[in-house]
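Notes for the one structure printed next.
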Amino acid sequence: MKIIKSLMILCLLTSITTTHLSAQFLADYPIKEIEPAKLIATYSLLYQEDSLPPHFTRQEDMILLLGNTMSLFVSKVGYSNELHLREIYSMEQFQQWVNTVPPLARISYRIYKKFPKDHLTFTHTVNTIPMKYEEPLDQFDWQLSADTATIAGYLAQKATTNYGGRQWVAWFTPEIPENDGPYKFYGLPGLIIKIYDTHHHYVFELLEITQPKEKGMIEYLEQDFTVTNKQKYFKAIDAHNASLVSWVKEKGGDDKVQQSAARVSGERNNPIELKRD
């Protein structure tokens, strides 16, 4: 285990993420190295956070770091920014980094599978409070189909399941013998290379699979987590979204930022998990 001193950015005033607003601070926290990643699967996520305008979608690249015994699913740009920030040790260096206008991750959760064994661990900071909960990995009742297709250059087979109040269609490839996939999805006899709900509000699709150029470690950020369950976590998310404008005002946000917060709060009506039990 090692201690990394990082300049963490929760968000800039010009960009509101799911749970954070303008805050810059120095933070010491333990980083636990678990194991090297042997493969990195990069996915494109197209998602419709607001169910009202039917054609407005957002896009973010996500990565699945696959190790021998576990995996980590995280935003690609968020992961990259975290690594860059570890090399910053002064406010001057931080300001130089900010001036390059790095892209900011809109998705900031982390999902660890088989950590602990037979479970997934979900971590996310809500209103500056790091939260963590676990779920069993065997929660998916997959129905296999004989349908096949070629996706991202791989021969894939179709499977379906219900999860979080949505019906999901998955395509997995036995050519990559990893029973893993994007988000929380797990348990098929091959890597899930495409999965979407039947309304196409959330679509994960494989872009590429690479091997780390250097020794890339799967790490666990050992923050002072509030340990909870999924139901209480989503209640905290809902409460934060409902109070976002007042929270921004309390933190010193001007009228423009408050208006932006009100818009964002109204747009968050279509989460990936509609059902939380």
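Heads up: numbering here begins at 1 and tracks the sequence.
No donor-acceptor pair closer than 3.5 Å links the side chain of Arg58 to the backbone N or O of Glu49. Between the side chain of Thr173 and the backbone N or O of Leu155, at least one donor-acceptor pair lies under 3.5 Å. Side chain of Gln167 to backbone of Thr160: no donor-acceptor contact under 3.5 angstrom is found.
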Please lay out, stage by stage, how Asp224 and Lys132 fare under the test salt bridge (charged side-chain N to carboxylate O under 4.0 Å, His left out). CA-CA 10 Å; Asp224 186 16; Lys132 176 177 75 171; over 6 Å; no
Derivation of the side chain to side chain contact (heavy atoms under 4.5 Å, CB included) call for Leu45 and Gln59: CA-CA 6 Å; Leu45 167 60; Gln59 191 276 336; over 6 Å; no
Quick one, Leu66 with Ile40, criterion side chain to side chain contact (heavy atoms under 4.5 Å, CB included). Give me CA distance, side-chain angles, the key distance, then yes/no. CA-CA 6 Å; Leu66 292 154; Ile40 300 176; over 6 Å; no
Criterion side chain to side chain contact (heavy atoms under 4.5 Å, CB included) on Phe115 and Leu120, from CA distance to verdict: CA-CA 6 Å; Phe115 185 78; Leu120 67 82; over 6 Å; no
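Nearest heavy atom pair, residue Ala159 against residue Phe172, reads CB-CE2, 4.2 Å. Between Asn81 and Leu104 the shortest heavy-atom distance is ND2-CA, 4.3 Å. Smallest separation of non-hydrogen atoms from Arg106 and Glu60: N-OE1, 3.1 Å. Heavy atoms only, all atoms of each residue included: Pro116 and Glu134 are closest at CD-OE2, 3.5 Å.
When side chains are defined from C-beta on, Tyr196 does not count as touching Phe204, because their heavy atoms never get closer than 4.5 Å. Inter-residue side-chain proximity for Ile218 and Leu72 is flagged as met; some heavy-atom pair is nearer than 4.5 Å. In this structure the side chain of His124 never reaches within 4.5 angstrom of the side chain of Pro130, judged on heavy atoms. Between Met62 and Val74, the closest side-chain pair of non-hydrogen atoms is not below 4.5 Å. Using a 4.5 Å heavy-atom threshold, the side chains of Thr69 and Lys113 count as separate. Residues Glu135 and His119 form no side-chain contact, since every pair of their non-hydrogen atoms from C-beta on lies 4.5 Å or further apart.
Every side-chain contact (heavy atoms from CB on, under 4.5 Å) that Ala156 has, sequence neighbours left out, goes to Ile151, Trp171, Ile193.
A cation-pi contact, defined as under 6.0 Å to the ring centre and within 45° of the axis, is absent between Lys232 and Tyr133.
Between Tyr183 and Tyr109, the angle of the ring planes goes over 60°, which puts this pair in the perpendicular group of the 30/60° scheme. Using cut-offs of 30° and 60° for the angle between ring planes, the Phe140 and Phe185 rings count as tilted.
No path of Ile, Leu, Val, Met, Phe, Trp and Tyr side chains, each step under 4.5 Å between heavy atoms, connects Tyr202 with Leu207, placing them in separate hydrophobic clusters.
Side chains of Gln143 and Asp141: a donor on one and an acceptor on the other come within 3.5 Å. Side-chain polar atoms of Gln157 and Ser145 form no donor-acceptor pair below 3.5 angstrom.
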